[in-house]
*Asks:* 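One structure coming up, written as structure tokens, with questions to follow.
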Amino acid sequence: LLRLEPGKALRGHSGCVNRLAVRNSDGLLASVSDDTSIRIWDVHRGMCTRVATTGHTANVFAVGWIDEDGIATAGWDGQVRLTSIG
């Protein structure tokens, strides 16, 4: 599904990365972190293509694609949030 070159790192979060989710339609990767942001990665190009704020006030521990532009996240603050990355 996704191939990342061995030893290749995707850098951008300022906190620990807690969860990843793949969008099957095009292989984009979403990551969430202790920095409370969502980053969208084009693994084939090895770069971050979008950064979105989640609105969480504490670490984000879960992420999942709900459709082509929507992402659900859950955090230590006890909230589940929906974010559009379109």
*Asks:* Under 3.5 Å, is there a donor-acceptor pair between the Asp34 and Asn18 side chains?
*Replies:* yes
*Asks:* According to a hydrophobic-cluster definition based on side-chain heavy atoms being under 4.5 Å apart (Ile, Leu, Val, Met, Phe, Trp, Tyr only), do Phe61 and Val63 belong together?
*Replies:* no
*Asks:* If I compare all heavy atoms of Asp67 with all of Gly70, which pair ends up nearest, and what's the gap?
*Replies:* OD1-N, 2.6 Å
*Asks:* Can you check side-chain contact (heavy atoms from CB on, under 4.5 Å) on Leu82 and Ile66, steps first, answer last?
*Replies:* CA-CA 9 Å; Leu82 303 178; Ile66 56 173; 3.9 Å; yes
*Asks:* Assess the residue pair Val32 and Val17 against the criterion (side-chain contact (heavy atoms from CB on, under 4.5 Å)); give the C-alpha distance rounded to whole Å, side-chain angles, the decisive distance to 0.1 Å, and a yes or no.
*Replies:* CA-CA 6 Å; Val32 291; Val17 175; over 6 Å; no
*Asks:* For Gly15, is there any backbone N or O sitting under 3.5 Å from a side-chain donor or acceptor partner on Ser33?
*Replies:* yes
*Asks:* Distance-only, no hydrogens or angles: does the Arg23 side chain make a donor-acceptor pair with backbone N or O of Leu28 under 3.5 Å?
*Replies:* no
*Asks:* Please report the shortest heavy-atom distance between Asp35 and Ser14, naming the atom on each side.
*Replies:* OD2-N, 2.9 Å
*Asks:* Just verifying a value: how many Å separate Cys48 SG and Arg45 CZ, rounded to the nearest 0.5 Å?
*Replies:* 10.5 Å
*Asks:* Show your reasoning for whether side chain to side chain donor-acceptor pair (under 3.5 Å) applies to Thr49 and Trp41.
*Replies:* CA-CA 6 Å; Thr49 60; Trp41 304 91; over 6 Å; no
*Asks:* Are Trp76 and Val60 in one and the same hydrophobic cluster, where Ile, Leu, Val, Met, Phe, Trp and Tyr link if side-chain heavy atoms are under 4.5 Å apart?
*Replies:* no
*Asks:* If we check side chain to side chain donor-acceptor pair (under 3.5 Å) with His56, which of these qualifies: Thr73, Thr36, Thr83?
*Replies:* Thr73
*Asks:* For the pair Arg81 (side chain) and Ala72 (backbone), establish whether a donor and an acceptor sit closer than 3.5 Å, ignoring hydrogens and angles.
*Replies:* no
*Asks:* When you look at His13 and Ser31, which way does the side-chain contact (heavy atoms from CB on, under 4.5 Å) test go after all the steps?
*Replies:* CA-CA 9 Å; His13 283 290; Ser31 61; 2.7 Å; yes
*Asks:* Any idea which heavy atoms bring Ala52 and Ile85 closest together, and the distance?
*Replies:* CB-CG2, 4.2 Å
*Asks:* Kindly say whether Met47 contributes a backbone atom to a donor-acceptor pair with the side chain of Asp42 at under 3.5 angstrom?
*Replies:* no
*Asks:* I would like to know whether Arg39 and Arg50 meet side-chain contact (heavy atoms from CB on, under 4.5 Å); could you show each step before the answer?
*Replies:* CA-CA 6 Å; Arg39 289 187 177 265; Arg50 293 182 205 112; over 6 Å; no
